[in-house]
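Right, one structure below, let's go through it.
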Amino acid sequence: MSSNMVAILYLISALLFIFALRGLSHPESSRMGNIFGIIGMIIAVFTTLMFKSVLSYYEIGAAILIGGAIGSFIALRIEMTALPQLVAAFHSLVGLAAVFVAAAAFYDPVAFSIGKVGSIKTASLIEMSIGTFIGAITFSGSVLAFGKLQGTISGKPIVFKFQHLINALIFLLIIFLIILFVINQSPTIFWTIVIVSILLGFLVVIPIGGADMPVVVSMLNSYSGWAACGIGFTLSNNLLIITGALVGASGAILSYIMSKGMNRSIINVVLGGFGGEQDTSASKDNSDKIVKQGNAEDAAYIMKNADSVIIVPGYGMAVAQAQHALREMGDILKKEGIEVRYAIHPVAGRMPGHMNVLLAEANVPYEEVLELDEINHDFPMTEVSFVIGANDVTNPAAKTDESSPIFGMPILDVEKSQSVLFVKRSMATGYSGVDNELFYRDNTTMLFGDAKKMCEDIVKSLSA
Amino acid sequence: MEAHSSEVFVIGLTVFFLACIIGYYVVWSVTPALHSPLMGVTNAISSVIIVGAILAAGPQGFDTSKIFGLIGVVLASVNIFGGFLVTYRMLSMFKKKTKKTKEKE
């Protein structure tokens with residue numbers, strides 16, 4: 001195949017990837033988008049297999065089959081609640097693949113037309129080492145994020161002295177190593193870059209707490225794109241550059257949206273250490289206040305007599321796998337002629353769009369699921385807010401208390417509805433460590449218990 | 001693939017920046033409800049890095065580079081199949097609803 005033909009096929013593939021993302025602007029067009037993506041990938045792979053230098057079809061075919069089988073198996077088996085972990089795990093693989101491709105290019109530069117062993121072109125060496133560096137960080141950062149999301153590693157931020165200084169020094173060390181690598185092209189230095197970058201990836205994610213994971217997952221998404229870009233530059237392959245840039249931009253925008261949802265800068269999130277250990281002065285003030293506690297029957301009674309209910313789900317719903325029971329509850333209320341809608345905060349859950357997927361899994365029509373901007377002005381006209389497994393995103397302190405760590409964060413105005421039902425396991429504070437004054441209001445009823453169990457009990461009371 | 005010269009690099013850089021701009025606008029148009037599938041798709045397409053891995057695994061015989069290439073092909077394939085499939089699963093859940101409720105927002 002001529003190099004022009006290759007370039008055109010790669011261009012078609014890149015365009016299909018752009019359409020794949022474009023399709024996601026609406027659920028209706030999204031499935032077609034995904035198909036565009038698949039076609040684009042098939043074109044890219046087959047075009048590459050047509051290269052004259054590519055001869056070992058059996059080995060490559062076997063490798064694709066092995067990887068494909070593993071990937072399909074995991075993707076079909078995974079629980080939707082475990083999605084954030086899965087995405088983190090997949091990101092780590094992109095990072096690792098980037099490192100291996102860079103290593104392959106380093107050991108056999110002739111196959112990529114970037115020079116000969118020991119005399120690889122300087123530009124290629126720089127691009128290669130940058131690709132390796134980002135790839136390795138993506139790998140280890142994602143592995144750690146996976147551990148935190150899966151619960152194998154504590155989700156609490158781990159902070160220690162001079163953390164940021166150490167990270168900065170390691171970063172400088174990597175730059176120094178890259179310069180050294182460009183000068184002497186030594187394999188030892190190449191692998192040192194890999195190892196030190198892996199270390200840096202761990203250190204960068206370690207101080208970031210569980211609920212900041214949406215930002216981390218998005219950031220790693222972005223990194224995996226930039227890693228692909230780095231490799232694209234090394235191989236002078238426009239398809240890789242375009243795709244890497246698309247993915248990089250996508251991850252960066254998601255990180256931005258998530259940080260904005262918490263009224264924090266990306267830098268602040270990345271520096272980490274947020275949550276868990278704020279002083280408890282606020283909660284002490286409230287220790288003598290009275291909390292109105294209710295049970296499933298009370299909740300059923302309150303909602304049955306309402307005209308409109310807005311359900312505010314949070315990570316707690318995901319943990320308790322309560323989405324199906326919740327939808328059942330919503331269905332009964334709808335049958336009673338009550339308007340039921342769902343309000344999603346941008347940072348609810350552990351990855352962007354997490355709640356939407358879970359509700360979709362439970363067959364909640366997406367028209368009933370609204371974003372913060374779309375629904376926030378409706379709370380004053382709403383009778384009941386049903387908050388399930390969310391806390392900080394409803395805390396009015398974000399508006400009123402300037403000393404609060406969450407001050408300035410956009411919140412869902414559940415306080416403005418006539419009554420609020422809070423499904424929670426205990427009085428424990430949310431991720432930010434801040435007490436929620438809403439718990440003590442007269443129109444708030446606390447429903448203590450497991451979110452799924454509570455919904456099931458409410459369903460029972462409603463149908464009784 | 002042609003030789004690596006400064007010209008090639010500048011072309012790559014041009015492509016890079018234009019792609020970033022396209023990415024910026026396309027991603028902002030993605031509805032927030034589909035941000036999880038977006039991550040699934042970007043995950044899958046970033047594994048287009050498999051192209052590099054195939055080139056490394058291409059030559060006959062076995063050497064270090066080829067082994068690295070094959071490992072790269074396996075890793076990227078996990079992602080390609082896994083990423084597209086999990087996205088498909090997510091999107092098909094969003095699909096079911098439309099049958100029930102015909103109205104648009």
Side-chain angles (χ1 to χ4, degrees), chain A residues 17 21-22 24-25 27 30-31 34 37-38 44 48 53-55 60 63-64 66-68 70-72 74-75 87 90 93-94 96-97 100-101 103-104 107-108 113-114 121 124 224-225 228 231 233 235-236 238 241-243 245-247 249-250 253 352-353 356-357 360-361 365-367 371, chain B residues 1 4 8-9 12 15-16 19-20 23-24 26-27 29-36 38-39 41-43 45-49 51-54 56-58 60 64-65 68-88 90-91 93-94 97 100-101 105:
Chain A
F17 289 159
L21 300 188
R22 177 74 193 138
L24 291 167
S25 58
S30 61
R31 276 155 285 128
N34 199 34
I38 295 170
T48 315
S53 64
V54 178
L55 300 162
I60 294 172
I64 293 178
I66 294 170
I70 299 172
S72 312
I74 299 171
V87 169
F90 279 166
L93 296 183
V94 182
L96 201 57
F100 277 111
V101 174
Y107 280 90
D108 186 10
S113 333
I114 52 171
K121 292 179 181 107
S124 304
S224 67
I231 302 300
F233 275 107
L235 311 183
S236 310
N238 283 344
I241 297 176
I242 296 173
T243 315
L246 291 176
V247 176
S250 161
I253 290 173
N356 303 77
V357 171
E361 187 201 6
Y366 60 77
E367 293 88 347
E371 303 300 318
Chain B
M1 244 167 284
H4 208 291
V8 174
F9 175 74
V15 170
F16 172 75
C20 282
Y24 178 87
V26 171
V27 173
S29 77
V30 172
T31 168
L34 295 179
H35 276 163
S36 286
L38 172 66
M39 299 201 94
V41 168
T42 50
N43 212 323
I45 65 171
S46 63
S47 303
V48 71
I49 208 162
V51 165
I54 291 176
Q60 260 160 349
T64 328
S65 164
F68 287 154
L70 285 174
I71 298 174
V73 173
V74 173
L75 294 172
S77 306
V78 172
N79 246 314
I80 293 171
F81 284 75
F84 281 126
L85 263 174
V86 88
T87 309
Y88 171 79
M90 284 191 257
L91 293 176
M93 296 187 309
F94 280 94
K97 279 52 308 120
K100 267 191 194 166
T101 44
E105 286 168 41

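Order of the sequence lines sets the chain letters (A, B, ...), proteins ahead of strands, with each chain counted from 1. Heavy atoms only: backbone and side chains are in, while hydrogens, waters and symmetry mates are out.
Distance check: Leu91(B) CG to Ser30(A) OG gives 4.0 Å after rounding to the nearest 0.5 Å. Rounded to the nearest 0.5 Å, atoms CZ (Phe9(B)) and OG (Ser124(A)) are 10.5 Å apart. Taking CE from Met90(B) and CG from Leu85(B), the interatomic distance works out to 11.0 Å, rounded to the nearest 0.5 Å.
The greatest number of non-hydrogen atom pairs below 4.5 Å with chain A, out of Thr64(B), Ile49(B), Ile80(B), is found for Ile49(B). Heavy-atom pairs under 4.5 Å with chain B peak, among Ser224(A), Gly67(A), Gly37(A), Gly225(A), at Gly67(A). No other option in Ser36(B), Gly12(B), Gly23(B) has as many heavy-atom pairs under 4.5 Å with chain A as Ser36(B). Of the listed residues (Asn79(B), Leu75(B), Val73(B)), the one with the most heavy-atom contacts under 4.5 Å to chain A is Asn79(B). Listed options Val74(B), Val30(B), Asn43(B), Thr31(B) were ranked by heavy-atom pairs under 4.5 angstrom with chain A; first place goes to Asn43(B). Among Ile242(A), Val94(A), Val87(A), Ile231(A), the residue with the largest count of heavy-atom pairs under 4.5 Å with chain B is Val94(A). Comparing Ile60(A), Ile253(A), Ile241(A), Ile66(A) by heavy-atom pairs within less than 4.5 Å of chain B, the highest count is held by Ile253(A). Ranked by heavy-atom pairs shorter than 4.5 Å toward chain B, the options Ala44(A), Ala97(A), Ala63(A) are led by Ala63(A). The candidate with the highest count of non-hydrogen atom pairs below 4.5 Å against chain B, out of Asn34(A), Leu55(A), Asp108(A), is Asn34(A). When Ala33(B), Cys20(B), Ala57(B) are compared by the number of non-hydrogen pairs under 4.5 Å with chain A, Ala33(B) comes out ahead. Your options are Ala56(B), Gly69(B), Ser47(B), and the one with the most heavy-atom pairs under 4.5 Å with chain A is Ala56(B). For the set Thr243(A), Leu96(A), Ile70(A), the entry with the most heavy-atom pairs within less than 4.5 Å of chain B is Thr243(A).
Although no hydrogens or angles enter the test, the distance criterion places a donor-acceptor pair under 3.5 Å between the side chain of Ser65(B) and the main chain of Ala104(A).
Closest approach of Ser29(B) to Arg22(A), counting heavy atoms only: OG-NH1, 2.7 Å. Pairing each heavy atom of His35(B) with each of Gly353(A), the nearest pair is CB-N, 4.0 Å. In this structure, Val86(B) and Ala75(A) approach most closely via the heavy-atom pair N-CB, 3.9 Å. Contact between Phe90(A) and Gly83(B) at its shortest, heavy atoms only, is CE1-N, 3.7 Å. Residues Ala245(A) and Ala19(B) approach most closely at CB-CB, 3.6 Å, considering heavy atoms. Taking both residues in full, the closest heavy atoms of Ala249(A) and Tyr24(B) are given as CB-N, 4.0 Å, listed atom of the first, atom of the second, then distance.
Looking at Val101(A), the atoms closer than 4.5 Å to chain B (heavy atoms on both sides) all sit in the side chain, from C-beta outward. For chain A, the nearby parts of Ile45(B) are the backbone and the side chain; heavy atoms of each come within less than 4.5 Å. Proximity to chain A (any heavy atom under 4.5 Å) is restricted, for Val41(B), to the side chain, taken from C-beta onward. Proximity to chain A involves both the backbone and the side chain of Leu38(B), based on heavy atoms less than 4.5 angstrom apart.
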